[in-house]
Amino acid sequence: MRLATWNVNSLRSRIDRVEKLLERHEIDVLALQETKARVDQLPLMGLESMGYEVASAGFSQWNGVAIISRVGIEDVEVGFEGMPEWGEPQAAEARAIGATCGGVRVWSLYVPNGRKVDDPHFVYKLDWLTRLRAAAQGWRDQPTALVGDWNIAPQDDDVFDISQFRTSTHVTPPERAAFQGFLDDGYADVVRPHAPGPGVYTYWDYYRQRFERNRGMRIDFVLGSPSFAERVTGAFIDTEERAGQGASDHAPVVVDLS
DNA sequence: ATGGTGGTTGCACCA
């Protein structure tokens with residue numbers, strides 16, 4: 001089985017790229033983030049004719065997550081919606097959707113960005129990760145994959161120049177500690193061994209020719225429970241998908257399972 | 001600085 005995750009930065013504006021990605025890599029399950037679409041807005045006809053089912057959640061204009069699968073979608077669950085203090089529609093943000101696909105529990109995650117280290121959203125980000133970790137501890141003994149845009153660069157080599165991130169989110173000790181917590185609980189980054197750095201990224205800003213100069217960040221990850229990780233036979237980052245006109249600012253990450 | 005979205009069809013807000 002082949003599983004992939006991609007922050008698509010609008011599913012509607014990139015539906016053609018999604019369909020070509022599925023065909024090009026023969027992907028069985030695709031987790032998407034930043035779909036920026038309500039359930040009733042999704043153009044599913046092409047995907048359905050290709051044999052895929054879709055489960056999605058998302059209500060605000062900048063968020064939304066989905067799972068696309070041709071090996072079944074069972075027991076769909078939406079969780080970790082948003083900052084409790086927020087009013088509508090932000091409180092209805094869907095930042096995670098989980099489904100069992102081909103016997104594997106897949107969670108498509110869009111971890112809060114945090115914005116600035118002194119912003120309330122940064123506290124929300126850490127709290128959100130704490131809540132996710134507590135839930136993930138209960139999924140560890142099943143084949144579970146926590147995939148998506150983690151908005152954390154766990155290592156200095158995961159950003160193009162750490163000296164430019166001294167006051168930035170994504171690289172702070174508490175964020176990295178939160179990420180490490182999942183590893184401590186038995187989840188493993190199943191992609192890094194197959195795509196080691198430095199200079200290997202999953203995200204490049206649109207501006208300043210960041211992609212052309214390979215000034216990116218590795219912030220999209222597939223964390224697998226032990227019974228998931230032991231089935232991983234390979235993985236790669238589809239850097240080419242980031243190239244050219246009309247690309248998302250993130251590249252897809254692909255994992256193969258036995 | 002670039003790009004997507006919804007709406008105030010200009011512009012604010014998000015990444």
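Predicted, not measured: the structure shown is a model, and the values here were computed from it.
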Taking CG from A:D220 and P from B:dA15, how many angstroms apart are they, rounded to a whole number? 15 Å

For A:V8, is there any backbone N or O sitting under 3.5 Å from a side-chain donor or acceptor partner on A:R14? yes

Aromatic plane relationship, A:W150 with A:F179 - under 30° parallel, 30 to 60° tilted, over 60° perpendicular: perpendicular

Kindly point out which of B:dG4, B:dA15, B:dG6 is positioned nearest to the side chain of A:R14? B:dG4

Going only through I, L, V, M, F, W and Y residues with side-chain contacts under 4.5 Å, is there a path from A:V191 to A:I219? no

For DNA chain B, produce a single dot-bracket line, 5' to 3'. Pairs: Watson-Crick or G-U wobble, both distances under 3.5 Å. Symbols: ( ) within strand, [ ] crossing, | other strand, . unpaired. .(((((....)))))

Nearest-nucleotide comparison on DNA chain B, the residue closer to the 5′ end among A:R208 and A:P112: A:R208

Do the side-chain N or O atoms of A:R115 get closer than 4.0 angstrom to the phosphate oxygens (OP1, OP2) of B:dC14? yes

Going by the rule salt bridge (charged side-chain N to carboxylate O under 4.0 Å, His left out), which residues pair with A:D158 if we only count those two or more places apart in sequence or in a different chain? A:R192, A:R218

In whole Å, what is the span from the CG atom of A:N113 to the P atom of B:dA15? 5 Å

Among B:dA15, B:dG4, B:dG6, the nucleotide that comes nearest once only the side chain of A:K36 is considered: B:dG4

On a whole-Å scale, what distance lies between the C1' atoms belonging to B:dC13 and B:dT8? 13 Å

B:dG6, OP1 or OP2 - any side-chain N/O from A:R12 closer than 4.0 Å? yes

To the nearest Å, give me how far apart OH (A:Y207) and P (B:dT2) are. 10 Å

Listed partners of A:R24 passing salt bridge (charged side-chain N to carboxylate O under 4.0 Å, His left out), at least two apart: A:D238, A:E241

Output the rounded distance in Å from CG (A:L32) to P (B:dA15). 18 Å

Locate the shortest heavy-atom distance separating A:V200 from A:A195; write the atom from each residue and the value. CG1-O, 3.7 Å

Take the protein atom CG of A:L11 and the nucleotide atom P of B:dT5, then report the distance between them rounded to whole Å. 10 Å

In whole Å, I'd like the distance from the CG atom of A:D205 to the C1' atom of B:dG4. 14 Å

Are A:S10 and B:dG3 close enough that a side-chain N or O sits under 4.0 Å from OP1 or OP2? no

Map A:S13 and A:N151 onto DNA chain B by nearest heavy atom, then report which one ends up closer to the 5' terminus. A:S13

Among B:dT2, B:dG6, B:dA15, find the nucleotide with the atom closest to the side chain of A:Y110. B:dA15

Separation of A:Q245 atom CD from B:dG4 atom C1', in whole Å? 15 Å

Taking CD1 from A:I219 and C1' from B:dA15, how many angstroms apart are they, rounded to a whole number? 10 Å

Should A:Y201 and A:V253 be counted in the same cluster of Ile, Leu, Val, Met, Phe, Trp and Tyr side chains packed under 4.5 Å apart? no

In whole Å, measure the gap between the C1' atoms of B:dT9 and B:dG4 for me. 16 Å

So do A:W204 and A:T239 actually touch side chain to side chain, heavy atoms under 4.5 Å? yes

